[in-house]
Chemist: 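Mind looking over this structure? Questions follow.
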Amino acid sequence: MSHLIVFDLDGTLVDTAPDLLAALNVAMRAEGLGPISLELCRTLVGAGVRALVERGLRTHGRVVTAQRFEELVAVFLDHYGRNISRHSTPYPGVLDELLDLQSQGWRFAICTNKLEAYSVQLVRELRMSHWFSAICGGDTFAFRKPDPRHLTETIGRAGGGSAIMVGDSRTDVDTARAAGIPIIGVSFGYTDVPMRDLKPDVLIDDYGAFAAAVHRLT
């Protein structure tokens, strides 16, 4: 039986889009660009901060120098670090599911392309740190999702054993597939391709179906 569940963070465990969008629009405004909508932002998240800023610029057709890009990333991170949990909330029902599964012997970890320090900060500010045996970000190792080693090394840090991945995007599906690990896809996260089209092992539309999905895979 599997004993570890590894979650993606943004769009899977926590709805972080409002705070990510606020930081992104501060960076866009610094470049003299208009705001990006929340709906569009949800399709841009998933590959880390640098990709998010790059995608934000691309939506405006803006190309900047390498130095200016680094300045805009710094603007994003400064605002985000000071407002990381202002409007971010765990998805409905997820904490109840963690409590239930923990009572059955399951352990939990996070494998995200979000920078590790910000991942740890967010989880701490949301008072969720005690749930997770490991929190591994996009800069924790020399590789990141969709490289399967990001997932397998996270599993190692969490104590090893067989595992299930939970994610919201193609990146998560590709990572799990490459690692040979089953994946539960959530339909409510951040993706430019509907999770249903990515064909995870099990698809859920809310965390009310999560425990049943876990048991299907075990």
Side-chain angles (χ1 to χ4, degrees), residues 1-22 37-47 52 84-114 119 122-135 145-146 151 154 158 162-177 179 181-218:
M1 177 179 178
S2 299
H3 288 96
L4 180 68
I5 301 173
V6 182
F7 292 89
D8 173 53
L9 182 53
D10 299 279
T12 299
L13 266 176
V14 181
D15 185 5
T16 55
D19 291 321
L20 289 168
L21 175 63
S37 69
L38 181 59
E39 181 180 9
L40 178 57
C41 181
R42 291 180 187 275
T43 71
L44 304 179
V45 177
L52 179 56
I84 196 167
S85 63
R86 179 165 294 191
H87 300 293
S88 295
T89 56
Y91 281 102
V94 67
L95 298 182
D96 290 335
E97 292 300 294
L98 294 182
L99 182 62
D100 182 44
L101 288 165
Q102 185 184 60
S103 71
Q104 299 173 38
W106 289 85
R107 295 174 291 112
F108 312 108
I110 291 173
C111 179
T112 174
N113 279 338
K114 195 184 202 77
S119 303
L122 174 64
V123 172
R124 183 181 69 245
E125 290 189 14
L126 293 177
R127 300 181 180 179
M128 297 171 64
S129 300
H130 63 285
W131 291 111
F132 302 104
S133 303
I135 300 174
K145 297 184 298 184
L151 176 54
T154 298
S162 54
I164 293 171
M165 177 76 184
V166 188
D168 68 326
S169 69
R170 182 189 297 278
T171 297
D172 297 314
V173 173
D174 288 348
T175 302
R177 293 275 187 257
I181 289 170
I183 180 163
I184 297 171
V186 301
S187 66
F188 46 78
Y190 311 150
T191 177
D192 57 348
V193 179
M195 177 55 72
R196 187 174 304 277
D197 295 345
L198 298 174
K199 301 189 184 306
D201 295 293
V202 183
L203 177 70
I204 62 171
D205 295 320
D206 59 69
Y207 273 103
F210 185 62
V214 168
H215 293 311
R216 277 185 60 184
L217 294 175
T218 55

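Below, all heavy atoms of this structure are taken into account, side chains as well, without hydrogens, waters or symmetry copies.
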Chemist: Under the salt bridge (Lys or Arg N to Asp or Glu O under 4.0 Å) test, which residues partner Arg177, sequence neighbours left out?
Modeler: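 Partners of Arg177 by the salt bridge (Lys or Arg N to Asp or Glu O under 4.0 Å) criterion, ordered by chain and then number, come out as Asp201.
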
Chemist: Between OG1 of Thr218 and CH2 of Trp106, what distance do you get to the nearest 0.5 Å?
Modeler: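 The OG1 atom of Thr218 sits 5.0 Å away from the CH2 atom of Trp106.
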
Chemist: Can you pull out every salt bridge (Lys or Arg N to Asp or Glu O under 4.0 Å) where at least one residue sits in residues 7-18? Sequence neighbours excluded, please.
Modeler: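 Listed once each, the pairs are Asp8-Lys145, Asp10-Lys114, Asp15-Arg42.
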
Chemist: With a 6.0 Å cut-off on ring centres, are Phe7 and Phe210 close enough?
Modeler: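 Between Phe7 and Phe210, the centre distance is under 6.0 Å.
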
Chemist: For Trp131 and Phe108, take the angle between the two ring planes, folded into 0 to 90°, and tell me which bin it lands in: parallel under 30, tilted 30 to 60, perpendicular over 60.
Modeler: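 Perpendicular.
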
Chemist: Taking only residues two or more places apart in sequence or in another chain, which ones pass side-chain contact (heavy atoms from CB on, under 4.5 Å) with Ala22?
Modeler: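 For Ala22, the residues satisfying side-chain contact (heavy atoms from CB on, under 4.5 Å) (neighbours in sequence not counted) are His79.
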
Chemist: Without hydrogens or angle criteria, can the side chains of His130 and Gln102 be said to hold a donor-acceptor pair below 3.5 Å?
Modeler: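 Distance-only check fails for His130 and Gln102.
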
Chemist: Residues two or more places apart in sequence or in another chain: which of them pass side-chain contact (heavy atoms from CB on, under 4.5 Å) with Arg127?
Modeler: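 So Arg127 forms no side-chain contact (heavy atoms from CB on, under 4.5 Å) with any residue.
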
Chemist: Under the rule for side-chain contact (heavy atoms from CB on, under 4.5 Å), what residues qualify as partners of Asp96, not counting sequence neighbours?
Modeler: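 None.
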
Chemist: Not counting sequence neighbours, which residues clear side-chain contact (heavy atoms from CB on, under 4.5 Å) with Arg170? List them please.
Modeler: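 For Arg170, the residues satisfying side-chain contact (heavy atoms from CB on, under 4.5 Å) (neighbours in sequence not counted) are Asp174, Val193, Leu198.
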
Chemist: With no hydrogens and no angle check, is any side-chain donor or acceptor of Arg107 less than 3.5 Å from a backbone partner on Ala158?
Modeler: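 Present.
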
Chemist: Looking only at side-chain N and O atoms, does Asp172 offer a donor or acceptor that is under 3.5 Å from a partner on Thr175?
Modeler: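 Absent: no donor and acceptor within the cut-off.
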
